[in-house]
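Structure first, then comments.
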2 protein chains.
Amino acid sequence: MAPATSARPPGRPRAGVHAAVFAATLSTVQELGYARATVERIAAAAGIAKTTVYRRWPSKGDLIVDCLLDAFGPVPLEGRSRAEIMSTAIHWIAAKIGEPGVGDAFAGVFSDAVSDPALREILATRFQDPYRLALQDALGEPENRVLFFIDVAVGSLLHRMGMTGEPMADADVVALVEMILPAFR
Amino acid sequence: MAPATSARPPGRPRAGVHAAVFAATLSTVQELGYARATVERIAAAAGIAKTTVYRRWPSKGDLIVDCLLDAFGPVPLEGRSRAEIMSTAIHWIAAKIGEPGVGDAFAGVFSDAVSDPALREILATRFQDPYRLALQDALGEPENRVLFFIDVAVGSLLHRMGMTGEPMADADVVALVEMILPAFR
DNA sequence: GTGTTTCGCTACCCTAGGTTTCGATACCGA
DNA sequence: TCGGTATCGAAACCTAGGGTAGCGAAACAC
């Protein structure tokens, strides 16, 4: 009778480097900015070789997306009313973008995606879609409305980050919430 | 008596290449996307040498910003009410971003600016500030409110462009206007 | 023609993403 | 303890693109 978990495959087992690489990615991006956070530097910060990074992730974009997925986690969808849910979600993503390294990495990979259709596909599918689906479910809004919601919320936060290098201040996040909510009443 | 216009300086006069380079920039970006629209390709499309481009513009970012300034021109600030002015401005920038090559170039240079403080300074000073000042004057709003307005309008449009590769559809631009206007009532 | 400046061209430097190669290492089973 | 297998690290390498340097040719004024 075959065991439920197949026997470990032969050969040297892979080292568990994901957590270390994610941490190294964020700290390197925070310290040097997105463009100068090269894969080589990230690998060095994680204490592994560059080739090992490329054995796990096919491209820098894939690595950053995975790192962001790890850093963001699932959207909190607390709140009984749709207004509460949307407000919670906006404050949550604003706070995440404000975390050290996260906003830079997000804006950077988004930037790269503009002129790289393959990366755009990765970003839309692996990053945006899960949040879009969760929001569609929680809000009961059609896809195009949720996409519009994401465009406005995320776009505004990233534009501020990109233009000033600093995340949006709390007062402006509150204003953003107050601007968006009535449009979905 | 010295002439009002100083005599032409000695030596071979500079060729007037700005118009040709701007046209070549937009068409090349439209055809190949921002990242593959290299300075060398743009120069070739304009029928000049790469070195001549770098004699006019110190970096690719400077070139793109100049090209965008040329493509955008001044904001139309028509309308008697502030609501009319803001609505006109949003539709105007949405239309500009929808023009072939313009949206790609805008999103691309914005992307590069994320991890390049020097380029970010250029973008904020030479591109955003003139429009910000004109809007402050026309709307009678303080700087931080106009910056917030720009973040929401431009950020939403660029996020849509970056995520889908297509400019925002008219219906969504209308929704954007209807979302923003009440917040500035 | 002479002086001055810009032009195009070529070669070059540097960085960074990504690949290839190869010897060293870790694990399993016999 | 030894063989089989797969991974690791290190280094060399390729390609693309931003940006620079040097040089002879061309365009103007005088």
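Only a predicted model underlies this, so the values are computations on that prediction, with no experimental measurement involved. All chains are named by letter (A, B, ...) in the order of the sequence lines, taking the proteins before the strands, and each is independently numbered beginning at 1.
- A continuous path of ILVMFWY side-chain contacts below 4.5 Å connects B:Ile90 to B:Leu158, so both sit in one hydrophobic cluster.
- Where A:Pro10 and B:Pro10 each meet DNA chain C at their nearest nucleotide, the meeting point lying more 5' is that of B:Pro10.
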N/O donor-acceptor pairs under 3.5 Å from side chains in residues 48-58 of chain B, not counting sequence neighbours:
| residue | atom | partner | partner atom | Å |
| --- | --- | --- | --- | --- |
| B:Arg56 | NH2 | B:Ala15 | O | 2.7 |
| B:Trp57 | NE1 | B:Asp66 | OD2 | 3.0 |

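- Put simply, CG on A:Asn144 and CG on A:Asp151 are 10.5 Å apart, with the number rounded to the nearest 0.5 Å.
- For B:Glu84, the CD atom counts as densely surrounded, since its 6.0 Å shell holds more than 12 non-hydrogen atoms of other residues, nucleotides or ligands.
- Defining each end axis of the helix from C:dG1-D:dC30 to C:dA30-D:dT1 as the rotation carrying four pairs' C1' atoms onto the next four, with five pairs an end, the two axes are found to diverge by 10° to 10 degrees.
- Taking a cutoff of 4.0 Å between a charged side-chain nitrogen and a carboxylate oxygen, A:Arg126 and A:Glu121 do not qualify as a salt bridge.
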Quick one: side chains of residues 171-185 of chain A, donor-acceptor pairs under 3.5 Å with protein atoms, not counting sequence neighbours, listed by atom name and distance.
| residue | atom | partner | partner atom | Å |
| --- | --- | --- | --- | --- |
| A:Asp172 | OD2 | A:Arg160 | NH1 | 3.2 |

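- Every pair passing salt bridge (Lys or Arg N to Asp or Glu O under 4.0 Å) that includes a residue from residues 128-137 of chain A is listed here, sequence neighbours excluded: A:Asp129-A:Arg132, A:Arg132-A:Glu143.
- Under the 3.5 Å distance criterion, the side-chain polar atoms of B:Ser87 are left unmatched by any main-chain donor or acceptor of B:Ala83.
- Residues A:Gln128 and B:Met163 form a side-chain contact, since some pair of their non-hydrogen atoms from C-beta on lies under 4.5 Å apart.
- Under the 30°/60° scheme for interplanar angles, the aromatic rings of A:Trp92 and A:Phe72 are found to stand perpendicular.
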Which letter, B, S or -, goes with each nucleotide of nucleotides 10-19 of chain D from 5' to 3', with contact meaning a protein heavy atom under 4.0 Å?
BB-----SSB
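- Residues from residues 20-31 of chain B with heavy atoms under 4.0 angstrom of DNA chain D: there are none.
- In terms of polar N and O atoms assigned as donor or acceptor, the side chain of A:Arg12 comes within less than 3.5 Å of the base of C:dT25 in a complementary pairing.
- One interatomic measurement links the two molecules: CG of A:Asp116 to P of C:dA16, which rounds to 18 Å at whole-angstrom precision.
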